[in-house]
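A short write-up of the structure that comes next.
Here is the naming used below: chain letters follow the sequence lines, and residue numbers restart at 1 for every chain. It should be emphasised that the depicted structure is a prediction, and the values quoted were computed from it without experimental measurement.
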Amino acid sequence: MKLEKTHVNSVLDAAHVSVKSVNEDAHLGIVIRVEPDDVRATLSALRDGELKFEMLIDTFGADLSVYGDDADTETPIEVTYHLRSFVNDCDVRVKMRLPFEGVYHSVIDIFTSVLLPERELCEMFGLYLEDHPNPKRLITNPKFTTPLLKSVPIRGKEEVWNR
Amino acid sequence: MESLDQDLKSFTLTQDQFVGYDNQGWLSLEEPEGIPVPRNLRRIADDPNKMSTEHFILNLGPCHPSTHGVLREVVELDGENIKSSEAHVGYLHRGIEKLCENSPWTHLAPYMDRADYAGGIYSETALAHAVEELGEIEVPDRAHWLRALMGEVNRMASHFLWLGPLGLDSGAMAPFLYMIWDRETLLEVLESVTGGRLMFNYVRPGGVLNDITPDAEAKLRKWLDIADDRMQEHWDVLMASELFQQRVKGIGVVSHEMAMSMGATGFVGRASGIDWDLRRDRPYGPYSQLDFNVATATEGDIWARIMVRYDEMLNSINIMRQLLDGMPEGPHMAKMPRVLRLPKGEAYGLVEGCRGEIGAHIYSDGGTTPYRVRYRPPIQYHLAIADTVLPGQMLADAIVSLASFDFCFGEVDR
Amino acid sequence: MNPWLNAALRVLACIGLMLLNGALIIYMLRKVLGHMHLRLGPTELGPAGIIQLIPDVVKLLVKEDRHPGKTDRWLYILAPFIIFVPALMTWMAIPFSNHLMAIDLNLGVLMILSFLTIGPLGVFAAGWASHNKFALIGAMRAIGGAITYEIPMVLSALVPVMLAGSLSLKDISLAQAGSFWYWLPGLPCLVIFFISSIMETNQSPFDMSEAEGELVEGFNVEYSAMRFGFMYLAEFANNFIMAAIIVCLFFGGWTLPFVNPTTMGWLAPVVFLIKTYLVIFLFMFVRGTFSRYRVDQMLALGWKKMMPIAIVYTALVAFVLKVIAMKTGGGM
């Protein structure tokens, strides 16, 4: 089923959830942008509403501090949730933005699939993880801090000197 | 808040240091009374007034013949029963997603190869789909068919590499070597076409690198002629054996609710009742014109996963025949500019990989290199499921059920 | 001849035979398993890899003998011997022909079965003394399995004893000379004894104490060099012993169906060895084919299926023999 903005808006209105915007991206489909405080309500509404987005396919982040000319340096870290409904065969994405070293509240009691991705998200971008049963690092060691931030260079200093 | 610490160096845990999580611990966050626990953690503690044997902590360490890849599974054992378990990963983290931000769009295929190293073609295809979606690049038909053909060959090779060691973990040594023979034949085909046995660097945005030669096609057809007999032989040697069935039936059960809430796609989802195959439901490339079945099961135990995958292998043989017979003529690569620039935006490319749904979500800021590449690993979600399923089983079952999820740690750690 | 010299020579002969047997079984194992696995086994050294064993033995002799720091030192040193020596001692009672045996015990079966029970104690000692959790798990599994499968083994060994009327292996072999051996009247017992002997020798499908997939060599994970060599050799010696007992009890020892056993001369040991190695080949065949049992499934098989069958069948045979004895006019 081709998901329209009206479907999503009706689901969100039925659950009385207010979001920042619901857009139709050319390549991604429907994207819902929310404030960090409304994420849990939005995800619950999408899961339980009539569209039945039962599976959270992916959770990840991106550091948008130098993304184009209108980069948002206040809340640069964008967290994306990608939901899928098998019954209706459609996908939707929920995006929210957090500041550097912000506090990220886990949505594990809504979807359990964020168990490992949230740990990775918070260690990669330097966020503080709350409400998670096992908030340890997942794939890096303590010397390797927040690698995916844009302030961490890809090339080491020696490598740049020797070019 | 306190720092997030990883005790990678502590291989010998004493009883006090270990905090395990049983399969109830994820979903219920209440703290047991009377026992002071650190915030957000839950401890398995026996009532000291009851008589019980001491649990000991075993480290199925990163160097173990049976944890496929580098998985460190710390289990708390009561005799042979597992009381709680915790998986530690990160031994194979190479920073692929960060490294991708440094290379031009067309040079990303080797990075994607090394993510899922047993099914490299599909990882590359996911990225290629994403790039073509964002750049609105028209890929010729022959390239789509070649990608699908090489993908299916890779899928069969990866499944043989899974099923053999699954038998090996349960004790049967002969089927492993029989399947390696088949895998070697398929890897020869892959080498003739792509140049590599495991790291292909074959699927590029816009098409594929090489066309298939008549030599490689003859090799593949020769194997396809005996493939059905070979699959029947593998069935007779491994799966028809009652001992093996006794080891895998009813073990490692993943319920439908757990699969749905924990993000199980691919064969794990299909074995638990989620009837979803990207080749059939979101057809890309030639799959809308091909005729194949998708198997599902409802029990969700290891036997169901084996059956689903065995059926997938038989269908894969069928698909390969159809792809070889119906391959359209034409170029194998679109006309691409020398330096590929993609407009600003995001795109998502998905593909039904060997282990589940592989997705590549890319952010482009209009330059020659990606801004962010996210590789959606199916196994990261399956690892959480496997970890939740372990407590309550015996140690021997744990090994077999860990093997049945088909881990490939390049994906989890990237 | 001086009786001490006589005894010493017999012991040395047994040790020599044990070593030769070890060599032969290792070669046979590697070739048989290799061909079953679609590969060739050793082929480089010597024609068809016959000399491969010599470098392997030299390797085991010159390797460094590492042990972890916290082992229970005396038990760690002693454990390979506890496994090895009873295996050697059971060789004393095996009859290769009418006169060729180390000791002509009239309690042969009893002695062999009792010495075989000491082996698992050595396995447990090895696992415990290694101070390694994997070794401990392997050792405990071995003990559980050994205890479980001893009862069906002993009970099923009683049937040929009852049929022949003697505990001596030589007498049992001689008693089968006229008939077509005891495997037919004792068929359930043959099956049970075969399965129990796979368990006693820690082979697949009952090798959960050395399961490579899970325990990385199980109880002998911390052993290296010649200590490991002892245990390895003991495993093959055990293999031979169990096969020899099966042949003596159920397949007539060195006798052939219609040949007078006392006049077989040099043919007797040849026939005995051929039969034994055929049974060993069957062990290897089973080893390369099946998956491994899980521990509790194996124990369930032993207690719930094999023990009742063994008890019932032994009682049945005893009853039938008594009835026959009474019918033919008294006698014991």
Subject >> Region of B/I180 that comes under 4.5 Å of a non-hydrogen atom in chain C >> reply: neither
**OP:** Show your working on salt bridge (Lys or Arg N to Asp or Glu O under 4.0 Å) between B/D301 and B/K249 and close with a plain yes or no.
**Re:** CA-CA 6 Å; B/D301 57 356; B/K249 278 193 178 162; over 6 Å; no
Original post:
In terms of heavy-atom pairs under 4.5 Å with chain C, which of B/W181, B/F176, B/Y178 leads?
Top reply: B/Y178
Subject >> Interface residue of largest heavy-atom contact number with chain C, from B/V237, B/L177, B/L238, under 4.5 Å >> reply: B/L177
Original post:
With a 4.5 Å heavy-atom cut-off, do B/I57 and B/V75 have their side chains touching?
Top reply: no
Original post:
Do you know which of C/M140, C/R287, C/R39, C/M36 has the most heavy-atom pairs under 4.5 Å to chain B?
Top reply: C/M36
Original post:
So which of B/W235, B/W303, B/F267 actually passes ring-ring contact (aromatic ring centres under 6.0 Å, His included) with B/Y310?
Top reply: B/W235
**OP:** Measure up the C/Y232 and C/F228 rings against each other and bin them: parallel (under 30°), tilted (30 to 60°), perpendicular (over 60°).
**Re:** parallel
